[in-house]
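Right, one structure below, let's go through it.
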Amino acid sequence: MTIKSAKDKQVKGHHYKDCKIQPIDYIVDNGLGWCEGNIVKYVTRHNKKGEGRKDIEKVIHYAELLLEKHYGKH
């Protein structure tokens with residue numbers, strides 16, 4: 001198998017590679033930051049990788065970090 005792009009290779013699974021739009025493309029093309037990118041990544045894979053609940057908990061955690069960083073502590 002010839003790898004044409006780093007996106008053609010995925011370590012441990014196909015949960016991103018099989019997406020119509022890979023999270024890396026969405027994140028970079030839209031100029032998202034660290035927290036936003038991780039939210040996209042974890043919400044994309046939550047029902048594909050077998051880490052369902054943990055991935056959603058990570059989404060919530062990154063959203064809380066984003067709120068705190070940009071809008072202050074509540």
Side-chain angles (χ1 to χ4, degrees):
M1 177 173 130
T2 303
I3 296 177
K4 297 177 185 175
S5 165
K7 292 187 305 180
D8 293 333
K9 174 184 175 185
Q10 183 177 327
V11 177
K12 206 171 178 185
H14 297 278
H15 46 278
Y16 300 127
K17 201 169 104 172
D18 292 342
C19 292
K20 194 173 213 176
I21 300 169
Q22 285 199 27
I24 186 67
D25 292 326
Y26 183 84
I27 293 164
V28 171
D29 291 352
N30 288 286
L32 300 182
W34 177 261
C35 290
E36 294 96 336
N38 278 305
I39 290 168
V40 169
K41 177 178 79 166
Y42 288 119
V43 81
T44 299
R45 77 179 203 184
H46 82 94
N47 61 353
K48 298 177 182 180
K49 192 177 177 224
E51 298 286 327
R53 182 176 181 88
K54 284 184 183 179
D55 282 342
I56 295 301
E57 288 170 351
K58 290 175 186 177
V59 168
I60 293 166
H61 182 238
Y62 278 106
E64 290 170 339
L65 290 169
L66 186 62
L67 276 170
E68 191 172 299
K69 181 172 176 55
H70 290 277
Y71 304 101
K73 295 181 181 182
H74 34 271

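Quick note: numbers below take in every heavy atom, side chains included, and nothing from hydrogens, waters or symmetry partners.
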Task: Flag side-chain contact, heavy atom, 4.5 Å: T44 against Y26 - done: no
Open item on the list: Would you say W34 ends up clustered with V59 if hydrophobic residues are merged whenever their side chains have heavy atoms under 4.5 Å apart, either directly or through other cluster members?
Closed with: yes
Task: side-chain hydrogen bond (donor to acceptor under 3.5 Å, both in side chains) involving K58 - partner list, sequence neighbours excluded - done: none
Task: Donor-acceptor contact below 3.5 Å, side chain E68 vs main chain L65 - done: no
Task: Closest contact, heavy atoms only, G37 versus I27 - done: O-CD1, 3.2 Å
Task: Gap between atom CG of D55 and atom CD1 of I39 - 0.5 Å precision - done: 13.0 Å
Open item on the list: Would you compute the distance between atom CD1 of I56 and atom NE2 of H61 and round it to the nearest 0.5 angstrom?
Closed with: 15.0 Å
Task: Audit row: L66, E36, side-chain contact (heavy atoms from CB on, under 4.5 Å) steps and yes/no - done: CA-CA 8 Å; L66 186 62; E36 294 96 336; 3.6 Å; yes
TODO: Could you grab the distance from atom CG of D25 to atom CD1 of I21, nearest 0.5 Å is fine?
DONE: 8.0 Å
TODO: Can you sort out the partners of E57 under side-chain hydrogen bond (donor to acceptor under 3.5 Å, both in side chains), two or more places apart, ordered by chain and number?
DONE: R53
TODO: Please state whether the rings of Y62 and Y42 are parallel, tilted or perpendicular, taking 30° and 60° as the class boundaries.
DONE: parallel
